[in-house]
Amino acid sequence: MKWLHKDLLDVSQLSRSEAMSLFDTAAHFQEINTRPVKKVPTLKGRSVVLFFAEPSTRTKTSFDVAAKRLSADSFSLAKSSSSLTKGETLKDTVLTLQAMAPDCIVMRHWCSGAAKFIADRLDCAVINAGDGRHAHPTQALLDGFTMFQEWGDLAGKTILILGDIKHSRVARSNVILLNKLGATVRMCAPRTLLPSTVRSWPVEVYSDLNEAVKGVNGIMCLRLQLERQKDGLLPDLREYACTYGLGPKHVELADKDVRIMHPGPMNRGVEINSELADCDRSLVLDQVANGVAMRMALLFLYMTRKGAEE
Amino acid sequence: MAKKKFDLIIRRAFLKGREVDVYVSKGVIAEIRDTQTEFDPEGAEVQDAFGLTMMPSMIDVHTHLREPGFEYKEDVESGLRAAAWGGFGAILCMANTNPVNDTAATTELMLEKARRHWPDGPRLVPIGALTKELKGEELAPMAELVRAGCGAFSNDGLPVKNTDLFRKAMEYASDWGKPVIDHCEDPFMAVGCGVNEGEVSDRLGLQGQPDMAEALQVSRDVLLAEYLDMHIHLAHISCRKSLDVIRQAKARGIRVTAETCPHYLILTEDYLEDPATQYSTLAKVNPPLRPEADRLAMIEALEDGTIDFLATDHAPHAAHEKEVEFDIAPCGISGLDTAFATTWGLVRDGVISEETFNRAWVTGPAETFELPCNRFEIGDPADFFLFDPEEEWEVCAATMQSKGKNTPLAGSVLKGRVKTHFLHGKKIV
Ligand SMILES: [Zn+2]
């Protein structure tokens, strides 16, 4: 299969059939991850730069493992070790990276639009590993892949996204992808943690969690940034946990086979009850495992795309 | 030999719908005649303006010249050059320099720079700070600033948070007869910057600034102006909510005047979402670009007089400052070079009338800020420029006189170009 996109900035760039073929490719790589020797020579000699201007152990490790399992060389450029702290501009960092001729740059940055900024200036592939509040396409794809493996077709399924949606790039990318895949999306959060124009989004909006969970097939909890209380968006964490934290009584109201997801890292006892996080309905660890497979699929397709082969 | 009667004669210029010869004597308009076939220059300098349209020099009451302190962005000389080529005969420059224009020394420095670089160039009128260092804590020495040559007061980019202090500043300024200009932005509501709070900011994941933030402060200012029975001028109004308040205030006889900028008439927040210009910091401006409905409301308000006139809010920045992540880029659009062509385009397209255009750039600002202007009546200053209404030009670094090349119009082709500009009958361009 030929991959034509140079960059992955958000899932809005992908068609439904492209998303499905990413799922196919990820399923293929999933098999490699079950072998005793979890390494194939597919990307031998190619290099991936992991440029994380905002700290993230999970996503970065996931990409690093994915690159290594495909035999690509991966290099890290963390905020602390890069020149960013010395006042170097993103443009200069990008030009420096360009001079090192990588095949792909995976970037996490605290500014929305930062991935687009570097993609416009680099010849190599850019994969957005999260830019500000804007997009987190690889998370959405691994979530979609996890659900696809659980249920097959997502048409007719209802997914509830619960928590701080206003500041969440995970929620933004998931809404776009789940809509593409035919699922119904619900959202539940206090009004202060919803986007100002959420009513125009293709989602059903709830403020009462007991109503929101009724009959849903999947619940995706989001991590609450604990400083939101200081920003004046919440009275306190206890009230949040009591009102919007997912607990066993909510799961009772959902579909009997409901699945629970969380992109991690979790605040146990805040946005999710600790036992629920570990119960057999929880897909949290499947998400982590599928994250590696999905990122292998992405690195493979973006680094062997048409035009990258010469 | 008879004594020469005229110093300058502009021949065959197109003015207000007819072809005329304009006679200038001692820096003022002496006569305007329909073009004669019989013509005796009587020793005067003659400029043939065939094919060109004549326009009174425009006035921009809201520019940022950056000198002293940020000369790499713009300085008095480059700013005046951009003004002259842009069709402006007078500009008022804001106080957010470094040091802030809150002492006579800074005002005098600006005026001295203008005089030394270009004694016959566009008239420069500095705007003094309303509070010391624009901090919003203590009143600036407004009497001293007026004596040094300031023509108005404003805290522009840093609106005074303390409403009581703002009231005192308005009262104190009123003693010196100079307008107070307010940048309307509720300091607590306006945490986001550079993008309107709405569907676009929500999709882009940017912290937006609600139009409410502007309208709330507009409401405060209008109430203050009514209570104190004083005039207030509202800078760069950008949204319909503010217009509703201003319209009502004017109907009630409150002394409020308001300006908007060309970019709010021709651009919308959609620019930031267009795939070609997504997250472009060139369109990061404060107040932010709004949705189409607001743009249309601004045009209507300009036409019906709710908006008294236009100003550029010329905010030049260096390329490296804008070529950064959206969140950290400075706000502002470089506007002097493009203001004429973009707004004349609205006249050409029948969106606004020529009378509105003239009020927007000439008579409106002149009346509010008590500046001389040319209405093409006998005795008016011979301040005018000639432009080619058909000439197309591409907005790019090479075609802009300002040091600030930061404009979302970069790469676009505008129609209508200033060819020559006279102030007091002297050619400056
Ligand atoms: Zn301002």
Side-chain angles (χ1 to χ4, degrees), chain A residues 7 9-13 53-54 84 87-95 107-121 128 130-137 164-173 175-176 187 193-203 205 231-233, chain B residues 186-213 239 241 269-284 288 290-294 317-330 406 408 410-411:
Chain A
D7 311 298
L9 303 180
D10 195 8
V11 286
S12 55
Q13 296 172 308
E54 178 189 272
L84 283 172
E88 185 177 86
T89 63
L90 183 57
K91 182 189 173 194
D92 284 332
T93 306
V94 167
L95 295 176
M107 186 174 81
R108 159 76 54 98
H109 198 287
W110 45 276
C111 286
S112 299
K116 158 102 173 139
F117 181 95
I118 75 162
D120 285 347
R121 290 164 176 79
N128 183 5
D131 62 329
R133 305 171 180 185
H134 172 232
H136 197 347
D164 182 1
I165 291 150
K166 185 185 182 83
H167 303 93
S168 174
R169 54 195 172 214
V170 174
R172 278 179 177 70
S173 290
V175 168
I176 297 169
M187 284 183 166
L193 294 182
L194 288 170
S196 62
T197 60
V198 70
R199 300 274 164 197
S200 66
W201 286 28
V203 298
V205 184
D231 297 342
L233 298 166
Chain B
D186 180 277
F188 302 102
M189 271 262 160
V191 277
C193 168
V195 58
N196 179 58
E197 179 177 291
E199 290 187 29
V200 170
S201 69
D202 274 349
R203 282 193 291 263
L204 293 176
L206 294 170
Q207 164 114 46
Q209 186 180 110
D211 56 5
M212 277 287 293
C239 62
K241 285 194 177 77
E269 60 178 355
D270 296 341
Y271 186 93
L272 289 170
E273 221 180 13
D274 185 295
T277 52
Q278 203 182 22
Y279 292 105
S280 171
T281 60
L282 294 175
K284 184 178 180 185
R290 308 288 186 185
E292 176 69 0
D294 290 275
H317 291 292
H320 71 269
E321 293 173 317
K322 277 286 195 180
E323 203 177 355
V324 295
E325 299 89 319
F326 192 87
D327 284 349
I328 62 176
N406 51 304

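Only a predicted model underlies this, so the values are computations on that prediction, with no experimental measurement involved. Letters A, B, ... are given to chains in the order of the sequence lines, protein chains preceding strands, and every chain is numbered from 1.
Considering only heavy-atom pairs separated by less than 4.5 Å from chain A, the leading option among B:D202, B:D327, B:I328, B:L206 is B:D202. Of the listed residues A:G132, A:S196, A:S200, the one with more heavy-atom pairs under 4.5 angstrom with chain B than any other is A:S196.
A donor-acceptor contact shorter than 3.5 Å is absent between the side chain of A:S173 and the backbone of A:A135.
Looking at B:P210, there are no atoms closer than 4.5 Å to chain A (heavy atoms on both sides), in backbone or side chain. For A:R172, the part lying under 4.5 angstrom from a heavy atom of chain B is the side chain only.
You'll find the side chain of A:M187 reaches within 4.5 Å of the side chain of A:W201, heavy atoms only. Taking the side chain as every heavy atom from C-beta outward, B:E269 and B:R290 never approach each other to under 4.5 Å.
The cationic atom of A:K91 (NZ for Lys, CZ for Arg) does not lie both less than 6.0 Å from the six-membered ring centre of A:F117 and within 45° of the ring axis.
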